[in-house]
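Accompanying notes for the structure given below.
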Amino acid sequence: MSEEVTFWILDVGYEIIASQPYVLLWGISDKNERILVVDSNFRPYFYAVPKETADLDRLKDHISRLHGVLSVDVLTKSFFGKPTTVLKITCNLPTVVPKLRNEVKKIPDIENYLEADIRFYMRYLIDNDIYPCKWYRFKGYSVSGGFWEKYNISKIYLLQSKLEPLERDVSPRLRILAFDIECYNPLGTPDPKKDPVIIISTANSDGEKRQFIAEDNDDKTVLVSFSEYVQQYDPDIIVGYNSNRFDWIYLTERAKVLGVKLIIGRDRGPPHPSVYGHQSIVGRANVDLIDYAESLYEVKVKTLKEVADYLGLLPKEERIILSLVEIYRYWDDKTKRHLLLRYAQEDADATMLLANVALPFAIELSGVVGLPLDQVLAASVGFRVEWYLMRFAYKDGELFPNREERAYATYKGALVFPPKKGIFNNVVYMDFTALYPSLMIKYNIGPDTYVPPFVDVSPENVYVAPEVGHRFLKEPPGLYKKALSVLLEKRKEIRQKLKTLSSDSIEYKTLDVRQKAIKVIANASYGYTGWTGARWYIKAVAEATTAWGRETILRAKQIAEKLGLTVYYGDTDSLFLENISEKINEFTRLVEKELGLEIKPDRIYKVIFFTEAKKRYAGIDDKGKLDVTGFEVVRGDWAEIARDVQEEVFRYVLTEKKPDNAIKYVRDVIKKLKRKEIAFDKLIIWKTLSKSLDEYKTKSAHVTAARYLQRHGYSAPPGSQIGFVIVKGEGKVSERAVPYQFAKYDDIDIDYYISKQIVPVAMRILSVFNVTENQLLEDRQASLADFF
DNA sequence: GCCTTGAAGTTACCG
DNA sequence: ACCGGTAACTTCAAGGCG
């Protein structure tokens with residue numbers, strides 16, 4: 001009866017059957033079957049912290065009698081590194097935990113409750129050391145019929161053993177479905193109460209494409225046939241673009257309005273709102289790829305098309321671009337409808353292609369931090385770090401602090417040295433390997449090793465942070481030290497292994513993505529310590545890390561100077577040094593010896609340029625690649641034409657080391673702009689709406705443009721990017737901003753683009769070469785006169 | 001009332 | 001809902017001048 005099965009975990013959840021909780025593990029077996037593994041033996045619990053004076057036996061007795069309590073155990077755990085006695089209260093159902101924790105807190109002898117907000121299935125994963133998107137072997141027997149009929153799945157097993165982790169790196173072949181919806185929107189942003197879903201486009205990982213179309217604007221059949229298709233194709237992962245905030249919400253609303261059932265999950269149910277603003281689909285992983293796009297900081301405007309272009313996913317030619325205003329017109333015009341259908345299909349195709357890039361990363365991230373695949377991209381960086389830490393805390397018997405609201409607190413951060421203004425040859429960019437994580441490991445910095453002021457410890461037992469004086473126990477190794485050491489060691493190990501693998505093997509790709517996922521978490525760990533929303537927040541922890549960081553970079557700078565190396569610039573963990581290889585080798589050796597940390601050359605610049613501004617430089621590296629940092633070229637809130645001009649100016653100046661051709665070039669662009677020969681799109685300025693429109697205290701261009709959109713029926717929620725142009729007319733610049741979709745080229749204020757976009761970004765560089773503004777603005781006649 | 005100046009508000013970058 | 005440090009823009013109000 002009992003079978004041994006190997007499977008990969010796709011999704012987790014739970015179900016209450018006959019008043020008993022069952023943990024559900026959805027997965028794919030090594031025989032490529034979709035299976036559900038059910039564990040009936042786990043029960044939810046939380047902790048109560050008794051007051052010091054409390055009579056534990058009486059408390060235990062009292063709590064045991066509360067409705068829903070199965071057992072109460074007195075345990076000694078650790079809280080912020082201090083041994084702490086707690087009562088572990090095991091309950092019959094996850095749903096009673098919130099009620100019980102409030103009841104328990106009311107008991108006079110109880111100080112507080114802990115870990116009462118850990119969702120049941122996460123508790124299960126942590127306590128059993130199970131990671132999603134990993135392979136496990138178990139013994140179980142197959143069940144069917146009765147209650148289990150409700151699930152659309154090949155096999156269901158009742159778990160008869162522990163899950164045994166397997167060393168298998170490559171994920172199974174997953175079925176992925178990409179989808180995108182188009183809605184009828186004659187009045188702007190569509191309203192599910194009245195506007196039908198005219199098209200649902202899909203593309204799947206087996207190369208199949210399907211569209212569901214609302215003939216005569218009747219979308220009932222669209223929703224029904226889409227549901228049928230989802231059940232028939234039975235995808236493991238459903239991907240969309242902005243689907244958490246738009247498509248799924250629209251579809252569920254629309255289904256309600258029409259009175260049809262949206263049958264999406266393996267429970268044959270609709271998606272439902274879940275944590276981190278994502279929509280959860282039972283038994284499948286619903287992944288919104290816009291969450292992945294957020295991490296692509298080089299893409300300035302986060303539309304699906306821009307992201308696909310950046311990743312080189314779609315051929316640019318023959319692509320149809322429709323603005324929001326055009327969708328319903330193309331739909332209504334039967335001669336143009338086929339173009340809308342093609343446009344819609346291209347979106348689904350692009351989503352599928354994006355999934356090929358994003359999902360491998362999401363899968364590895366899920367495997368590192370332990371959050372389910374459908375949550376891991378939706379969860380913000382802070383939560384990812386926290387879930388990772390919680391795994392280590394659990395293993396050490398360290399209790400999870402409660403999440404609490406705290407006032408914002410400031411502290412001193414990193415050092416940035418003023419750059420040497422000018423243009424220089426042969427410069428090497430040196431940076432410390434994972435500086436902050438390394439410092440946290442080296443000095444055992446952490447919430448559980450922190451020794452508050454006035455606590456008495458012998459000085460030889462603590463590390464003392466410079467400037468700020470915060471103390472941390474040298475022993476035992478703390479939570480952060482343990483968690484970060486594993487990350488850094490694993491990454492090192494993987495990078496070593498990668499060298500032995502062929503770069504086009506699946507294993508290589510998987511491991512390479514994994515080491516990147518590890519890097520993301522390691523890099524975010526210091527930021528987590530200074531986040532007031534963190535469970536383990538202690539300001540001194542963040543403050544000590546930056547203090548040691550400042551000391552480190554300062555000492556490295558002194559070492560370089562002592563060797564006679566010119567230091568051009570430095571920021572946080574990096575130094576730009578004169579590239580003299582013997583001295584650089586000596587420098588690396590001395591840093592290692594004196595500071596006990598690794599610093600490495602990261603990039604060599606044949607030529608590099610600094611102004612007096614910090615955080616801005618441009619250079620050409622030893623591979624001939626132009627690298628611009630900080631300047632407008634890399635900023636999304638400047639018109640593309642200004643960014644183009646600045647990039648070209650850098651190219652001229654860095655290769656020719658004089659401004660002559662750059663000046664000519666800028667004049668030429670200005671001339672073209674005056675003749676309206678510059679593409680309209682290059683004049684669009686994009687800015688993010690950081691809050692709702694009425695919260696803004698001053699007039700600003702993108703807010704004016706957003707209000708314009710709103711007046712025309714389009715929503716402009718916080719977080720949306722507003723593209724606008726500046727038009728001619730009276731008044732302030734901010735009053736003359738118009739959404740680009742509503743502006744004509746003839747209305748554009750060319751002078752604004754010359755004097756406030758092109759000239760400033762060019763002058764930023766050219767003023768260093770003593771070029772004046774007039775040299776850029778004079779036309780050819782005047783400049784010739786100048787010459788003679 | 002007009003012009004200058006600096007603070008405040010805002011966004012997006014660096015590491 | 002990750003940190004502080006930084007550049008740069010526009011708006012806005014205060015201050016100086018007459």
Side-chain angles (χ1 to χ4, degrees), chain A residues 275-277 294-295 297-298 300-301 378-386 389 403-406 408-419 429-437 520-537 539 541-543 545-547 549-550 553 569-576 602 611-617 627-639 642-643 685-691 695-704 718-719 721-722 726 731-737 752 755-757 760-761 763-764:
Chain A
V275 284
Y276 312 125
E294 299 295 344
S295 68
Y297 58 93
E298 284 137 302
K300 308 299 174 182
V301 186
S380 65
V381 175
F383 289 110
R384 293 178 196 168
V385 172
E386 193 153 80
L389 289 173
R403 189 160 283 298
E404 51 178 292
E405 293 259 341
R406 291 187 194 88
Y408 176 71
T410 58
Y411 62 92
K412 214 167 148 192
L415 272 186
V416 188
F417 302 120
Y429 174 90
M430 309 283 299
D431 72 336
F432 282 98
T433 312
L435 180 63
Y436 285 165
V520 164
I521 299 304
N523 282 348
S525 58
Y526 147 72
Y528 172 82
T529 67
W531 175 37
T532 51
R535 286 178 192 265
W536 276 286
Y537 173 78
K539 190 169 108 167
V541 170
E543 204 164 40
T545 308
T546 56
R550 291 191 297 275
I553 196 65
Y569 174 59
D571 182 348
T572 312
D573 63 345
S574 69
L575 292 172
F576 288 77
D602 183 81
T611 65
E612 57 279 285
K614 295 171 173 181
K615 299 198 181 271
R616 295 186 152 204
Y617 55 86
D627 169 45
V628 180
T629 304
F631 284 104
E632 285 76 5
V633 174
V634 295
R635 291 185 64 101
D637 56 347
W638 284 76
R643 300 166 59 198
I685 299 165
W686 291 88
K687 275 204 166 82
T688 307
L689 220 49
S690 64
K691 46 197 166 191
E695 285 175 88
Y696 281 90
K697 288 178 184 157
T698 51
K699 286 181 181 172
S700 57
H702 69 310
V703 175
T704 304
Q721 288 173 299
I722 310 294
I726 303 299
K732 296 183 168 62
V733 172
S734 62
E735 291 160 354
R736 293 187 278 118
Y752 167 81
S755 66
K756 300 290 178 182
Q757 292 274 330
V761 303
M763 283 304 292
R764 199 101 56 219

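Side chains included, hydrogens not; waters and symmetry mates left out as well; all remaining heavy atoms used. Chain naming here is simple, since letters A, B, ... match the order of the sequence lines and numbering starts at 1 in each.
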query = With a 4.0 Å cut-off on heavy atoms, is Y537(A) in touch with a base, just the backbone sugar-phosphate, or nothing at all?
reply = nothing
inquiry  = Please verify the inter-ring angle class for F383(A) with W531(A); under 30° counts as parallel, over 60° as perpendicular, anything in between as tilted.
reply    = perpendicular
key: Pairing residues for R384(A) by the salt bridge (Lys or Arg N to Asp or Glu O under 4.0 Å) criterion, not counting sequence neighbours   = none
query = Which part of the nucleic acid, if any, lies within reach of K539(A) when heavy atoms closer than 4.0 Å are counted: base, sugar-phosphate only, or nothing?
reply = nothing
key: Sugar-phosphate only, base, or nothing, as touched by T545(A) at under 4.0 Å among non-hydrogen atoms   = nothing
query = In the 5'-to-3' direction, what one-character label does each nucleotide of nucleotides 1-8 of chain C receive under the scheme B = base within less than 4.0 Å of a protein heavy atom, S = sugar-phosphate only, - = no such atom?
reply = BBBBBSSS
inquiry  = Once you apply a heavy-atom cut-off of 4.0 Å, does V634(A) come out as touching a base, just sugar-phosphate, or nothing?
reply    = sugar-phosphate
task = Classify the nucleic acid contact of Y436(A) as base, sugar-phosphate or nothing, counting any heavy atom under 4.0 Å across all strands shown.
result = nothing
inquiry  = So for atom NZ, which belongs to K756(A), do other residues, nucleotides or ligands contribute more than 12 heavy atoms lying within a distance under 6.0 Å?
reply    = no
Using the 3.5 Å cut-off, write out each protein N or O paired with an N or O of nucleotides 1-8 of chain B and the distance between them.
none

message = For a quick test of reading the model: is some side-chain N or O of S700(A) closer than 4.0 Å to OP1 or OP2 of dT11(B)?
response = no
message = Of the listed nucleotides (dT10(C), dC14(B), dT11(B)), which one gets closest to any side-chain atom of D637(A)?
response = dT11(B)
request  = Flag the pair Y617(A) / T611(A) as yes when at least one side-chain heavy-atom distance between them is below 4.5 Å, and no otherwise.
outcome  = no
inquiry  = So R535(A) and E386(A), do their side chains get closer than 4.5 Å, heavy atoms only?
reply    = yes
